[in-house]
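Below is one structure, written out as structure tokens, with a few remarks after it.
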2 protein chains.
Amino acid sequence: MVNRQMTPASKLGDQGDVLSNAARLFREKGFERTSLKEIAEACNMLPGSLYYRYNSKEALLVELMRRGVDLVTAEVESAYASSDDPVERLRLCIKAHLRALLVDSDAVYVLLFEWRALGPEAREEIIELRDQYESLWAEILETMIEQGVIRKNVDGRLLRLIGLGALNWVATWFDPNGAHSLDAIGDLIWQIAMDGVINKGGQA
Amino acid sequence: MVNRQMTPASKLGDQGDVLSNAARLFREKGFERTSLKEIAEACNMLPGSLYYRYNSKEALLVELMRRGVDLVTAEVESAYASSDDPVERLRLCIKAHLRALLVDSDAVYVLLFEWRALGPEAREEIIELRDQYESLWAEILETMIEQGVIRKNVDGRLLRLIGLGALNWVATWFDPNGAHSLDAIGDLIWQIAMDGVINKGGQA
DNA sequence: GTCTATACTCTGATAGAC
DNA sequence: GTCTATCAGAGTATAGAC
């Protein structure tokens with residue numbers, strides 16, 4: 001449902017992007033419930049042909065997840081660089097993360113929800129990459145705490161994990177045809193994180 | 001790692017609770033990566049014996065998820081009933097949800113993270129049960145909005161989904177031996193939802 | 001690069017003895 | 001209720017032709 005920028009050769013011989021097709025299927029059905037046969041079919045190929053590109057099903061998944069990390073990192077870094085105001089910057093980064101997860105590519109979803117399909121070695125690599133990405137968020141939040149924008153008694157790490165949880169879980173319920181746009185949802189999450197929802201004083 | 005209340009006959013012939021063993025394995029490895037052989041071994045049985053109790057692997061999963069809904073519902077309803085103050089009630093319900101998900105049973109985790117393993121029919125049933133549970137949260141939040149405790153311009157449904165997302169994702173990173181207790185995490189989520197994290201006025 | 005053909009393994013599931 | 005024995009099917013992966 002994502003990544004619909006069709007290359008010229010999309011009618012037949014859609015071997016253009018095995019990863020995109022795999023990502024979509026892994027997202028829709030999960031890694032274990034998707035067979036190489038299905039992936040091959042989506043690429044107009046036969047199962048055996050996939051092994052020319054990837055040594056195993058897991059290698060394909062790993063490559064996919066690397067792409068996911070790259071993508072979400074680029075998106076958030078770009079948002080980070082587009083403002084100097086820490087509060088506004090946070091708002092933009094929240095929306096960038098949501099966009100990467102729900103609009104740009106299925107790879108980010110797979111990265112976040114299918115890591116249990118990885119063996120020990122691959123898991124270690126991907127966790128490391130994910131931690132690198134999250135360190136970007138650590139920087140954003142710690143800066144805000146140091147500058148006194150966020151109350152100093154708030155634990156930055158917990159705040160990061162809780163916030164990313166709220167963001168990541170959006171992928172399980174967001175409806176592109178629903179009443180609220182992804183940007184509106186991002187704004188609300190930002191607003192809750194900043195001001196909370198309690199009604200102080202007058203009837204707001 | 002959970003549900004360690006051993007029944008007397010726990011040495012051998014641990015057929016006492018197939019569901020508990022399955023829940024633990026499904027949580028640790030995922031539904032598809034857990035074979036009936038493994039489940040049977042954990043129960044000191046052989047694979048074929050499981051079919052006396054459940055007609056299929058999926059039937060076992062469904063029964064497990066029903067248990068998960070019952071458990072988390074009971075826990076949150078109990079918390080709900082233990083206070084009349086809406087704000088305090090919310091705090092207690094948040095902690096109850098976390099407890100059900102991370103301490104009481106592996107079934108709640110499986111319910112939340114393995115629903116894609118269900119076929120269409122079973123999925124419909126479980127989604128319905130999950131929606132019933134979530135309606136409990138809808139009630140909590142809508143009441144707070146009506147009473148003016150939560151700002152009236154906040155969308156109750158979005159707030160519920162965002163909040164439950166933050167809570168559910170805790171299951172992916174919580175460390176029982178870590179620096180923060182589950183209750184402390186619950187309190188922080190509650191505090192963020194209520195007041196936000198921004199530093200208004202003095203150096204708090 | 002892709003296809004053909006196939007090997008090997010594992011899994012969920014069944015039937016009937018005990 | 002549990003075990004024994006077994007099946008049919010699907011899945012990943014490989015080797016070699018083209």
Working for salt bridge (charged side-chain N to carboxylate O under 4.0 Å, His left out), residues B:D17 and B:R24: CA-CA 11 Å; B:D17 213 350; B:R24 178 174 42 80; over 6 Å; no
Mind calculating the distance between [atom1] ([X]) and [atom2] ([N]) to the nearest angstrom?
X	N	atom1	atom2	result
B:Y54	D:dT2	OH	C1'	15 Å
A:Y52	C:dC3	OH	C1'	14 Å
A:I39	D:dA13	CD1	C1'	14 Å
A:E58	D:dG11	CD	C1'	16 Å
B:L50	D:dG1	CG	P	15 Å
A:L60	D:dT12	CG	P	11 Å
A:K57	D:dA10	NZ	C1'	11 Å
A:L61	D:dG11	CG	P	17 Å

B:M65: which of B:L60, B:V108, B:D70, B:V110 passes side-chain contact (heavy atoms from CB on, under 4.5 Å):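 When B:L60, B:V108, B:D70, B:V110 are each tested with B:M65, the side-chain contact (heavy atoms from CB on, under 4.5 Å) holds only for B:V110.
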From D:dA13, D:dG1, D:dC3, nucleotide with atom closest to B:L46 side chain: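 Out of D:dA13, D:dG1, D:dC3, the nucleotide with an atom closest to B:L46's side chain is D:dC3.
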Nearest-neighbour nucleotide for the A:R53 side chain, D:dA13, C:dC3, C:dG1 considered: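 The answer is C:dG1, which lies nearest to the side chain.
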Heavy atoms of other groups near B:D84 CG, more than 12 under 6.0 Å: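 Atom CG in B:D84 is not crowded, with 12 or fewer foreign heavy atoms closer than 6.0 Å.
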Heavy atoms of other groups near B:E124 CD, more than 12 under 6.0 Å: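 No - once you tally the heavy atoms of other residues, nucleotides and ligands closer than 6.0 Å, there are 12 at most.
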Any donor-acceptor pair under 3.5 Å from A:E41 side chain to A:L46 backbone: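 Checked: no pair found.
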Of residues 29-37 of chain A, the positions that come close to DNA chain D - non-hydrogen atoms, cut-off under 4.0 Å: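 The stretch gives A:T34, A:S35, A:L36 as the residues lying under 4.0 Å from the strand, ordered by number.
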Let me have the donor-acceptor pairs involving side chains of residues 126-134 of chain B, under 3.5 Å, with sequence neighbours excluded, atom names and distances please.
from   : atom 1 : to     : atom 2 : distance (Å)
B:Y133 : OH     : B:H97  : ND1    : 2.5
B:Y133 : OH     : B:W137 : NE1    : 2.9
B:E134 : OE1    : B:R160 : NE     : 3.4

B:R27 charged N/C atom sitting above B:F113 aromatic ring, 6.0 Å / 45°: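 No, cation not above the ring by the 6.0 Å, 45° rule.
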Row check, A:F31 ring normal vs A:K57 NZ/CZ: under 6.0 Å, within 45°: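 Positive - A:K57 is close enough to the ring of A:F31 and near enough to its axis.
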Derivation and outcome, ring pair (Phe, Tyr, Trp, His ring centres under 6.0 Å), residues A:W169 and A:Y109: CA-CA 10 Å; A:W169 199 259; A:Y109 181 97; over 10 Å; no
What N/O pairs connect the protein and nucleotides 14-18 of chain C at under 3.5 Å? Give each pair on its own line.
none

OP1 or OP2 of D:dC3 under 4.0 Å from side-chain N/O of B:S49: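 So the side-chain polar atoms of B:S49 do come within 4.0 Å of the phosphate oxygens OP1 or OP2 of D:dC3, strictly under.
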